[in-house]
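Heads up: the structure comes next, in C-alpha cells.
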Amino acid sequence: MNVALIIPVFNEQAVVKTLVSAIEGFRQDYPMVQNVILVDDGSTDGTLSELQVATTGLIGYHVIRFSRNFGHQMAITAGIKWCTSDAAIIMDADLQDPLATAGQMIEKWQEGFDVVYGVRSKRTNVPALQRLTAHWYYRLFRTVSKVEAPLDTGDFRLISRRVMDAYNKLPEQQPYVRGLIAWLGFKQIGIEYQRPGRIAGNTKYPYSRRLSLAINGLTSFSTKPLKLAVNLGFLVSFGSVLGLIWVLITKYVVGTAITGWASLIFAAFFFGGIQLFFLGIVGTYVARVYEEVKQRPRFIIQDIWHSESLDAGNVDPEANTGSM
Ligand code: UDP
Ligand code: MG
C-alpha cells in the first residue's frame with residue numbers, strides 16, 4: 001500500500017522548508033506515504049533550488065518541472081498522470097490543506113472510498129467578497145452542470161488508483177479537476193476541515209485567475225448559458241411584438257402618438273449590450289472548441305528531479321516516465 005502526495009508549486013520559495021518538514025513529520029505517522037510529487041509550475045523564484053536543498057537525501061521526493069507556467073489545474077493533471085501509487089492526495093503547497101485532514105483521508109480510503117474530498121467549513125480568514133462569490137459559485141455550478149459536485153470543495157482530495165486511471169483517460173485540454181473527478185463518480189465521501197491561512201507568501205490566484213477558473217468550470221460542464229441566450233432572445237422578441245401592437249393601437253385607435261426619443265436610445269443601448277454579452281458567451285464556447293481541436297500537449301515537462309539521485313533528464317511532453 002503506497003500513497004503519494006501531489007503538490008503543485010508556483011513561486012513558493014517562502015513555504016518550501018516548512019512544507020518539507022511538515023511532510024516528514026506526517027510520514028512518521030503515515031509511513032505508507034512513500035512518494036511526494038511536487039509539480040513546479042514554471043516558478044521563477046528560488047523554489048526549485050530550495051526544494052532540492054530541502055529534500056536531497058530524503059526518500060521519495062520527485063520534482064516535475066514544467067518548461068513554463070501552465071497553471072494549477074495542469075500541474076495537478078501532470079502529477080496524476082505521473083503517479084503510479086495506489087492512492088494520491090492532491091494538496092496545496094502552502095499548507096492550507098492540513099496534513100491532519102490528509103491523514104483522515106487515508107483512513108477513509110482504507111475503509112474503501114475511492115474519493116475523499118475536503119469540505120471547507122466556514123472560513124473567516126478570506127475576504128468576505130471571495131467567500132461570498134465562492135459560496136454562490138459552487139451552488140451555481142452544481143445547479144447548471146447537473147454533476148453531483150460537492151459544495152465548498154476545492155482540489156484538496158484523495159483519489160484511488162482507479163480514479164487516477166479513469167482521470168488519465170480524459171483528454172480535456174482545459175481540465176477543471178474538481179468537476180471532472182466529481183463527474184467520474186466512484187465511491188466518494190467528504191471530510192469537513194477548517195481551512196487555515198497560508199503559512200507564508202502570497203496567493204497565486206488573483207481575482208482574474210479565479211474568474212477564469214470559474215468560467216472554465218461552468219463552460220466545460222454546461223451549455224446552459226447558450227440556452228439562456230435562446231430563451232431570453234425569444235422573450236425579448238415576443239415582448240417587442242406586444243409593444244409594437246400597443247404603439248399601433250395608441251396611434252391609430254386612440255389617436256395619440258407616443259413621443260420620447262431618449263427612452264428609445266437607451267432601449268437600443270440596452271439590447272445592444274445584451275447582444276454583445278451573448279455574443280461573448282457564444283465566443284467563449286467557440287474558443288473552447290478551438291482549444292480542444294488544436295490537440296496541443298497540455299503541458300511540457302522540462303525535467304524531473306528525484307531526491308535520491310541527482311540525475312535529471314529531458315523527457316517528452318506528457319510522457320509518463322514515472323516509476324514508483
Ligand atoms: N499554483 C500553481 N500554479 C499557478 C498558481 C498556483 O501550481 O499558476 C499552486 C500554488 O503554488 C499552490 C496552489 O496552486 O500550491 C494553490 O495556489 P494558492 O495557494 O496561491 O491559491 P489560494 O489558496 O489562494 O486559492
Ligand atoms: Mg493557498
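Indexing begins at 1, ligand by ligand and atom by atom, following the structure's order. Index from 1, following the sequence.
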Going by the atom numbers of ligand 1, which of them fall below 4.0 Å from some non-hydrogen atom of Asp41? 2 (C), 3 (N), 4 (C), 7 (O), 8 (O)
Any non-hydrogen side-chain atom of Arg27 less than 4.5 Å from a side-chain atom of Met32? no
Subset of ligand 1 atoms that lie under 4.0 Å from at least one heavy atom of Glu12: 10 (C), 11 (O), 12 (C), 15 (O)
State if Arg195 counts as touching ligand 1 under the rule of any non-hydrogen atom under 4.0 Å. yes
Nearest non-hydrogen contact to atom 16 (C) of ligand 1 from the set Asp92, Val15, Leu38, Val9 belongs to Asp92
Using a strict threshold of under 4.0 Å (side-chain N to carboxylate O), is an ion pair present between Asp114 and Arg161? no
Please report which non-hydrogen protein atom sits nearest to atom 24 (O) of ligand 1, along with the residue it belongs to and the distance in Å to one decimal place. Thr203 OG1, 2.5 Å
Kindly give the atom name of the N, O or S atom of Asp94 closest to the Mg ion (ligand 2). OD2
Among Asp41, Leu51, Val39, find the residue that satisfies the side chain to side chain contact (heavy atoms under 4.5 Å, CB included) test when tested with Val9. Leu51
Show which atoms of ligand 1 fall inside a sub-4.0 Å distance from at least one heavy-atom site of Phe10. 1 (N), 2 (C), 3 (N), 4 (C), 5 (C), 7 (O), 8 (O), 11 (O)
Tyr61 versus Thr56: any side-chain heavy-atom pair under 4.5 Å? no
From the Mg ion (ligand 2) out to just under 2.8 Å, does an N/O/S atom of Gln96 turn up? yes
CD1 (Ile159) and OH (Tyr117) are apart, to the nearest 0.5 Å, by 14.5 Å
Does the side chain of Gln173 reach to within under 4.5 Å of the side chain of Gln295, using non-hydrogen atoms? yes
I'd like to know if Met91 contacts ligand 1, where contact means a heavy-atom distance under 4.0 Å to any ligand atom. no
How far is atom 7 (O) of ligand 1 from its nearest protein heavy atom, and which residue and atom is that? Pro8 CB, 3.4 Å
Would you call the rings of Phe299 and Phe66 parallel, tilted or perpendicular, taking 30° and 60° as the class edges? parallel
With a cut-off of under 6.0 Å to the ring centre and 45° to the axis, is Arg68 in cation-pi contact with Phe70? yes
Got Gln34 and Ser85 here, is their nearest side-chain heavy-atom distance under 4.5 Å? no
Numbered atoms of ligand 1 (with element) below 4.0 Å of Gly71, judged on heavy atoms: 3 (N), 8 (O)
For atom 6 (C) of ligand 1, which protein heavy atom lies nearest, and how many Å away is it? Lys204 CB, 3.6 Å
If you scan protein heavy atoms around atom 21 (O) of ligand 1, the nearest is Tyr205 CD1, 3.4 Å
